[in-house]
Protein chains: 2
Amino acid sequence: MGKQMTEMLKGTLEGIVLAILSGRPAYGYEITARLRDQGFSDIAEGTIYALLVRVEQRGLVDVEKVPSEKGPPRKVYSLNAQGREYLDEFWRTWSFLAERLEQLREGGKQT
Amino acid sequence: MGKQMTEMLKGTLEGIVLAILSGRPAYGYEITARLRDQGFSDIAEGTIYALLVRVEQRGLVDVEKVPSEKGPPRKVYSLNAQGREYLDEFWRTWSFLAERLEQLREGGKQT
DNA sequence: CGAGCTATTAAGTGTTGCTAGGTAGTGGTA
DNA sequence: TACCACTACCTAGCAACACTTAATAGCTCG
């Protein structure tokens, strides 16, 4: 998509990835592919890997190395307790913002 | 609010301000005050002014200097045609993101 | 005059996603 | 063998954005 999407993803992409991990553990390549399937057609692989490094360093996820039939071993990430807290906080922040924006969109139609 | 909000505002704050301007023209100080009233309690003044400079340079708004009863003259910004287009694009981008996130929030409850 | 409110501007910082490239393992094919 | 495609991960450098902090400037009132 465009530049607007790039900027809008800042701050939300992290939550999106954590939300995906809250469903079930996954590895980077898989997450990228799933995002593409869901319509985020041009999220760069490098972006996801860098993001995963960040959340790992913050202790929001646990990591396990799992051998792959095809290619190098996978790093499988799973959300831990701290990550779940962080995700809850993310949803609260998101809800606040989404409500305000919905109000603005309604209000903008007349006035 | 917290750091999550700061990051999440990147890309959306611009749309928020343009949406406010789509209702009626306004000047920086006023916009800041209105945002505070709407719950964005700690958006820095400097942030809004910098944002207004950006959107002006991109030609999304028209500017008019209006004398104030109290203090220096105000720079009153109003959304122009190009700005309206940009705002439409913003809403489309937002809608896409909001839909995906709503799906993720629903899906995350079981699985 | 000095305090406090109105109103704008500007320099420097940290976080984030993107670009562009590299490393590595496996399997298929000419 | 040599080459290519797919899987899977990593890294360095860049641009954009919101924040912090501080400065500037005009007006009113005690």
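Every chain is numbered from 1 and lettered A, B, ... according to where its sequence line falls, protein lines coming before strand lines.
No continuous path of ILVMFWY side-chain contacts below 4.5 Å connects B/L35 to B/V76, so the two sit in separate hydrophobic clusters. In this structure, A/L9 is a member of the same hydrophobic cluster as A/L52, with clusters built from ILVMFWY side-chain heavy atoms closer than 4.5 Å.
Scanning DNA chain C 5' to 3' for nucleotides with an atom closer than 4.0 angstrom to a non-hydrogen atom of chain B gives a first and last hit of C/dT6 to C/dT16.
Salt bridge status for B/R34 with B/E30: present, with a side-chain N to carboxylate O gap under 4.0 Å. A salt bridge links A/E14 with A/R58: the closest approach of a Lys/Arg side-chain nitrogen to an acidic carboxylate oxygen falls below 4.0 angstrom. Using a 4.0 Å cut-off between a side-chain N of Lys or Arg and a carboxylate O of Asp or Glu, A/K75 and A/E64 do not qualify as a salt bridge.
Considering only side-chain N and O atoms, A/Y49 lies nowhere under 4.0 angstrom from the phosphate OP1 or OP2 of D/dT11.
In this structure A/Y49 satisfies the side-chain contact (heavy atoms from CB on, under 4.5 Å) test together with A/Y29, A/E45, sequence neighbours excluded. In terms of the ring pair (Phe, Tyr, Trp, His ring centres under 6.0 Å) criterion, A/F90 has no residue partners (sequence neighbours excluded).
Atom OH of A/Y29 is separated from atom P of D/dT7 by 4 Å (rounded to the nearest Å). Rounded to whole Å, atom C1' of D/dA8 lies 11 Å from atom NZ of A/K65.
Using a 3.5 Å distance cut-off with no hydrogens or angles, the side chains of B/S95 and A/R105 do pair a donor with an acceptor.
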For every nucleotide of nucleotides 17-30 of chain D, 5' to 3': is a protein heavy atom under 4.0 Å from its base (B), only from its sugar-phosphate (S), or from neither (-)?
BSBB----BBS---

Under 3.5 Å for both distances, Watson-Crick or G-U wobble, that's the pair rule; now give the dot-bracket for DNA chain C, with | marking pairs to another strand and [ ] for crossing ones.
||||||||||||||||||||||||||||||

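With a 4.5 Å cut-off between side-chain heavy atoms of Ile, Leu, Val, Met, Phe, Trp and Tyr, the cluster of B/V53 takes in none.
A distance of 6.0 Å separates CG in B/L87 from CG in B/L18, rounded to the nearest 0.5 Å.
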